[in-house]
Number of protein chains: 2
Amino acid sequence: MSSEIPDIVIGRLPIYLRELTLLAQEGQEVTSSHELGKRLGISSAQIRKDLSWFGPFGKQGTGYQINYLQEQLKKILQVDHEWPVAVVGAGDLGRALARYGGFAHRGFRIACIFDNDPGKIGSYVGNLQVLGVEKIKEEIAAHHIQIAMIAVPASHAQEVADTLVEAGVRAILNYAPIILSVPDGVRVQYIDPAAHLQHMTYYLR
Amino acid sequence: MSSEIPDIVIGRLPIYLRELTLLAQEGQEVTSSHELGKRLGISSAQIRKDLSWFGPFGKQGTGYQINYLQEQLKKILQVDHEWPVAVVGAGDLGRALARYGGFAHRGFRIACIFDNDPGKIGSYVGNLQVLGVEKIKEEIAAHHIQIAMIAVPASHAQEVADTLVEAGVRAILNYAPIILSVPDGVRVQYIDPAAHLQHMTYYLR
DNA sequence: AAAAGTTTGTGAAACATATGACATATCCTA
DNA sequence: TAGGATATGTCATATGTTTCACAAACTTTT
């Protein structure tokens, strides 16, 4: 009976939420599945169907109250409160992530950053001091951090992931170009820009 | 008859190629759909089916010659030669992308980097000098660049995309958290780390 | 040289996802 | 207040994707 909500639907919710925030910034108060779909390049039927997994949020004849739908999506995605996030790797990418301003208003706060390079440990990234990787366990446990981003070379990513999982992390955003092996209950998402580029070069003929 | 190859299949080829490279680095010469699938967390049937869209690359009883399959995938994805890539935005992210060592052996060379900040123009990122955005058109045309990465704030991303398309770019990897509007024939891929994180927080209950 | 063991490539079946279409509700205009 | 316009939520349908299962080809063992 209570069939599970498809993961692919969950994956679209952040995009809906993002676009709603944009609409709100533009001063709009109400939108429709049609308008949203047009802006996102998605069919209006799909948006209505996706949302209907979670409840009736709209009003026939009118559409969706933007503020209300935003709140509901935040609740569903559990970003109605802030998550502390750990960054492992204080190279160019790790530092860029730690300083990126786009996380704050979307439910995330970079809480700590780690590296294994003695030359980097102790230095500051924004107002965060880089900690040694040996501190991962205590720091993550102390702050009950459940989310981490891995921005270390592929050769060290699995080892880092193991440590993070041991420390209690349950969601990993992995920038290293390898598949991580993690126990059940831990989720991993991957970002591999070169793979995206190769996906596109296929079509460049 | 000649049905088109699904885009989702194309999207997996770079992952297969990446894993083959890893296997080759480990000194292995032959692999099987089963081994590959196990390492990637994908069913062996899917890998065989995906590859079969392009031809018979394996040998029954043996599996796949890694070198050969790598070559074939590179040819299919058109990364058997190097593509020059433009980066727009020389902030933390743009600089991290420009200096990232992971593109070179996967078919890409960062050819130029642009910014609109007079304080950044003229400075060096690695051995690339940051150019002003007003140079985008001439530079991209001169070097026949067809691929670009956008690493500017959301507020400027569409404008940058328009300029890039006008200059001849046909593939864009967009790091700005907005959907870009581009003409037919131009492909866009999106990277939005906050969206990935929100996708995962859904499951953190 | 035969038997046992692997592994591919592929059609058919199962499963998952997206679209179409419409009853119903609401808004707007006159 | 009636009629036209708009938009949701949902069931049925269509499309897309993955898995299953097996013949055929090859390797290894006995």
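Each chain gets a letter, A, B and so on, in the order the sequences are listed, and its residues count up from 1. Values below: every heavy atom of this structure, side chains too, minus hydrogens, waters and symmetry copies. Quick caveat: nothing in here was measured; it's all calculated off a predicted structure.
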Restricting to salt bridge (Lys or Arg N to Asp or Glu O under 4.0 Å), what partner residues turn up for A:Lys38, sequence neighbours left out?
none
Contact residues, residues 63-74 of chain A to DNA chain C [heavy atom, < 4.0 Å]
none
Count the heavy atoms of every other residue, nucleotide or ligand shown that sit under 6.0 Å from CZ of A:Arg39, and state whether that count exceeds 12.
yes
Taking 5' to 3' order, which nucleotide of DNA chain D is first and which is last to have an atom within less than 4.0 Å of a heavy atom in chain A?
D:dT6 to D:dA12
Round to a whole Å and report the spacing from CD of B:Gln46 to P of C:dA16.
14 Å
DNA chain C-proximal residues of residues 196-205 of chain A, any heavy atom under 4.0 Å
none
Does the side chain to side chain contact (heavy atoms under 4.5 Å, CB included) test come out yes or no for A:Met149 and A:Val85, once each step is laid out?
CA-CA 7 Å; A:Met149 299 193 274; A:Val85 176; 4.0 Å; yes
Once you round it to whole Å, what is the distance between P of C:dT17 and CD1 of A:Ile42?
15 Å
NZ/NE/NH1/NH2 to OD/OE distance under 4.0 Å, A:Lys75 and A:Asp80:
no
Is the backbone of B:Val152 close enough, under 3.5 Å, to the side chain of B:His156 for a donor and an acceptor to pair up by distance?
no
May I ask you to decide if the ring planes of B:Tyr100 and B:Phe103 are parallel, tilted or perpendicular, using 30° and 60° as cut-offs?
perpendicular
Give A:Ser44 one of three labels, base, sugar-phosphate or nothing, depending on what nucleic acid heavy atoms sit under 4.0 Å from its own.
nothing
Quick one, A:Asp92 with B:Arg95, criterion side chain to side chain contact (heavy atoms under 4.5 Å, CB included). Give me CA distance, side-chain angles, the key distance, then yes/no.
CA-CA 8 Å; A:Asp92 287 328; B:Arg95 289 201 305 273; over 6 Å; no
Rounding to a whole Å, what distance do you find between B:Glu35:CD and C:dT8:P?
10 Å
Whole Å only: how far is the CH2 atom of A:Trp53 from the P atom of C:dA18?
11 Å
By salt bridge (Lys or Arg N to Asp or Glu O under 4.0 Å), which residues pair with A:Arg109, not counting sequence neighbours?
A:Glu82
Below 3.5 Å is the cut-off: list the nitrogen or oxygen pairs between protein and nucleotides 11-15 of chain C, distance only.
residue : atom : partner : partner atom : Å
C:dA12  : N6   : B:Lys49 : NZ           : 3.3

Who are the salt bridge (Lys or Arg N to Asp or Glu O under 4.0 Å) partners of B:Asp50, not counting sequence neighbours?
B:Arg12
Does any part of the side chain of B:Pro14, heavy atoms only, come nearer than 4.5 Å to the side chain of A:Tyr202, both counted from C-beta?
no
Residue pairs passing the side-chain hydrogen bond (donor to acceptor under 3.5 Å, both in side chains) test with at least one member in residues 63-73 of chain A, sequence neighbours excluded, are A:Thr21-A:Gln70
Do you know which two heavy atoms are closest between A:Ser181 and A:Asp162, and how far apart they sit?
O-OD1, 4.1 Å
Has A:Glu29 got more than 12 heavy atoms of other residues, nucleotides or ligands less than 6.0 Å from its CD?
no
For B:Arg170, the salt bridge (Lys or Arg N to Asp or Glu O under 4.0 Å) test, sequence neighbours excluded, returns none
Taking B:Ala90's backbone N and O only, do any of them form a donor-acceptor pair with B:Asp115's side chain (distance below 3.5 Å, no angle check)?
yes
Using a 4.0 Å heavy-atom cut-off across all strands, classify B:Leu51 as base, sugar-phosphate, or nothing.
nothing
Using a strict heavy-atom distance below 4.0 Å, which residues from residues 17-27 of chain A are in contact with DNA chain D?
none
Could you work out, with side-chain hydrogen bond (donor to acceptor under 3.5 Å, both in side chains) as the rule, every residue matching A:Asp7, not counting sequence neighbours?
B:His199, B:Tyr203
Going by atom types alone, do A:Gln78 and B:Gln198 pair a side-chain donor with an acceptor below 3.5 Å?
no
Do NZ/NE/NH1/NH2 and the carboxylate oxygens of B:Asp192 and A:Arg18 come within less than 4.0 Å?
yes
Sugar-phosphate means primed atoms, P, OP1 and OP2; the rest is base. With that split, encode nucleotides 22-30 of chain C 5' to 3' as B, S or - using protein heavy atoms under 4.0 Å.
--BBBS---
Rounded interatomic separation in angstrom, taking CD1 from A:Ile5 and C1' from C:dA16:
15 Å
